[in-house]
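Reading through the structure tokens given below for one structure.
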Amino acid sequence: MNIHALLISRFSQALADMGITDAPVPIARSGRPEFGEYQFNGAMALAKQLKQKPRDIAAQVLEHVKLDDIASKLDIAGPGFINIHLADEWLASACQQALQDTRAGVAQQTPQTVVVDYSSPNLAKEMHVGHLRTTIIGDAVVKLLEFLGHKVIRQNHMGDWGTQFGMLLAHLSDKLNKNQVAETALSDLEDFYREAKIRFDEEDGFADRAREYVVRLQSGDQQCAELWHLFIDVSISHSEEVYKKLNVSLTRADIMGESAYNNDLAPVVAELKEKGIVVEDQGAQVAFIPELADKEGNPAVYIVQKSGGGYLYATTDLAAMRYRSGTLNADRTLILTDARQALHFKQTEIVGRKAGFMKAEQTYEHCPFGMMLGSDGKPFKTRSGGTVKLVELLDEAVERAARLLAARDTGLDADELKEVARKVGIGAVKYADLSKNRTTDYVFNWDTMLSFEGNTAPYLQYAYTRIQSLFRKAEVAPTALQANISIEHEQEHALAVQLLQLEEQLNVVARDATPHVLCSYLYDLASHFMSFYEACPILKSDVPAATRASRLALAALVARELKLGLELLGIETLDKM
Ligand code: ARG
């Protein structure tokens, strides 16, 4: 059910009947209940075009548009808006249909192949908070795209290659020679990296050995490759620990790290040279991008091969683009990284398109996000100023949730409490991130994210649990409900309208990769439910059986949407908490 799309088709038909076929059909949500739920805003533009008064155009549209089945009232307001008041009977039957559908009435979209590049940590180091947003937002986006019927290819573009591995492998080799096992040596990648770096900077001969390792690694030396595999393997398992705690859907099969493109780099550069897109400049292979010139008119400089012959992050991204669009045939490629990489992807897109690595209709969508800040407004750090390890952050979330829950009267036993604490703690961290518009920085705050009030995971999880307990008290299973939904009360009307917005909002999230839109939807839904529940008693003894069944049915649909929405966001629900 997509009311917005339905209204567009009815108004397009009306305009066609008036002989107007190429005009836009703007339909918007109304700002206030007295203006109905939706508005047709097209009369003003048409009036200009046809040199008539907007209100006259609106009157003609009103005569032609067929909405008897949907709307109880249409009126013209202000300069020529048409306000649409949805009819209770229609809302009731649409909710009834949604309730009978396991997808809550959400239709599938025309399937596309979508590559989503997310999480993508650097394996030389531990995953840190900088990778939280890409991992969580990316996972919500892939789940939603799949739900809408798309073929999604997850790609974890891990940083598993580059000169820094020379130093790391040299250090690892020494540790193994001292009879350490890799798992122990690499149990803390942060420490390991620091040790290697100190040796690189200070120890005689070590830097040379590190460089030697780079050369051996790149030339495919067997023993060196084994060492590299060992390192990568342990590091990946560190990431997997985070994914598991986060309940994120990425698996090993989704890893397509930088090293996977090794053999493509030389051909990519050769192709760029041949097509005249890069030229030699001081020994390096460079693309000049006039589209992104600075104030003085100097084109942006985009290096694809260094003067010594080495390749760069950019070269790998061009190879990845060629593979995704050419071999995987992706209609869309979505890449989630922080906003500081925006220019890199803009440049990559321009150069790649010039090279013909993508067809015009294939899209390359860098989805940037802001930084996670501490309460001091500066980048989120530990108290001693170090980077915050994700594993530790998530463990703290669960501990804090457990303490909060222990102070509440939940009636749960110790095991149940543990499970609830996990779902609430992890849910809170994820939701705090998902609910903010991704393009802005956001302030990480334990107290707000774990609060049972406001736009938080605990609030939504609790709203869902409350409906479950409502059904337990009513002694019926939501699935066994036999009810004719009828909409009589103002709050029922408002709730029904909200319930029928789901598809519309999901489509926006799928288009823009903005899970916060779904979060706002769910928050509004829960709030509407709370007002409905206050105004429209369900279990009181004087409520007629039919009314009670109808209201229970609305509650069941709310619960289904909450569960579905939270699931798409990667947040678990609970029957008791
Ligand atoms: N490894 C990079 C980082 O941690 C992110 C990679 C994003 N994807 C890409 N195709 N460049 O910043």
Side-chain angles (χ1 to χ4, degrees), residues 114-139 141-142 152-165 168 189-190 193 231-232 235-236 238-240 242-243 246 248 250 254-262 264-265 268 302-304 311-328 330 332-353 355 357-358 362-372 379-380 387-391 433 438-439 441 513:
V114 189
V115 165
V116 186
D117 171 336
Y118 70 107
S119 193
S120 309
N122 293 327
L123 295 181
K125 294 193 174 180
E126 210 75 55
M127 255 178 114
H128 58 84
V129 296
H131 294 109
L132 190 65
R133 303 201 79 180
T134 164
T135 305
I136 296 174
I137 299 173
D139 211 50
V141 171
V142 294
V152 176
I153 303 172
R154 294 162 172 75
Q155 289 207 324
N156 196 344
H157 191 90
M158 287 178 154
D160 60 357
W161 203 250
T163 47
Q164 59 199 2
F165 281 94
L168 296 170
L189 288 171
E190 240 32 56
Y193 190 95
F231 186 98
I232 294 300
S235 182
I236 289 177
H238 285 238
S239 298
E240 281 176 327
V242 174
Y243 295 156
L246 273 178
V248 153
L250 282 166
D254 303 316
I255 298 174
M256 183 82 188
E258 294 183 17
S259 64
Y261 298 100
N262 268 338
D264 299 343
L265 302 180
V268 160
Y302 183 81
I303 306 176
V304 299
Y311 300 109
L312 302 99
Y313 189 58
T315 329
T316 308
D317 266 322
L318 284 170
M321 173 201 278
R322 200 176 69 142
Y323 171 72
R324 292 161 179 176
S325 302
T327 308
L328 298 177
R332 300 174 69 186
T333 296
L334 271 50
I335 303 171
L336 288 101
T337 78
D338 75 51
R340 287 171 296 184
Q341 297 194 38
L343 181 61
H344 161 74
F345 288 109
K346 224 182 247 165
Q347 296 178 334
T348 303
E349 177 172 13
I350 293 177
V351 172
R353 282 199 187 276
F357 292 165
M358 301 183 70
Q362 293 177 307
T363 64
Y364 192 72
E365 304 168 48
H366 176 232
C367 311
F369 46 79
M371 289 212 286
M372 204 160 120
F380 192 70
T387 44
V388 179
K389 276 194 213 165
L390 266 186
V391 179
D433 199 329
R438 65 169 159 74
T439 53
D441 293 345

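Ligands are counted one by one from 1 in listed order, and the atoms in each one are counted from 1 as well.
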Revision key, fill the gap. Of Asp117, Asp317, Thr337, Thr348, the one whose closest heavy atom lies nearest atom 8 (N) of ligand 1 is Asp117
Point to revise | Candidate with minimal heavy-atom separation from atom 1 (N) of ligand 1, of Ala314, Ser120, Gly159 | key: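 Going through Ala314, Ser120, Gly159 one by one, Ser120 has the nearest heavy atom to atom 1 (N) of ligand 1.
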With distance as the sole test, does [X] use its side chain to make a donor-acceptor pair with the main-chain N or O of [Y] at under 3.5 Å?
X      : Y      : answer
Asp441 : Gly370 : no
Gln155 : Met256 : no
Arg324 : Tyr364 : no
Asp338 : Arg340 : yes

Exercise for review: Determine whether any heavy atom of Gln341 lies closer than 4.0 Å to an atom of ligand 1.
Suggested key: yes
At less than 4.0 angstrom from any non-hydrogen atom of [X], what atoms of ligand 1 do you find?
X      : answer
Phe345 : 9 (C), 11 (N)
His157 : 8 (N), 9 (C), 10 (N), 11 (N)
Tyr313 : 2 (C), 5 (C), 6 (C), 7 (C), 9 (C), 11 (N)

Exercise for review: Give a yes-or-no answer on whether the side chains of Gln341 and His366 include a donor-acceptor pair shorter than 3.5 Å.
Suggested key: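 Result is no, nothing qualifies.
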Check your understanding: Is a side-chain donor-acceptor pair under 3.5 Å present for Tyr243 with Asn156?
Key -> yes
Point to revise | Nearest non-hydrogen protein atom, atom 4 (O) of ligand 1 | key: His131 NE2, 3.2 Å
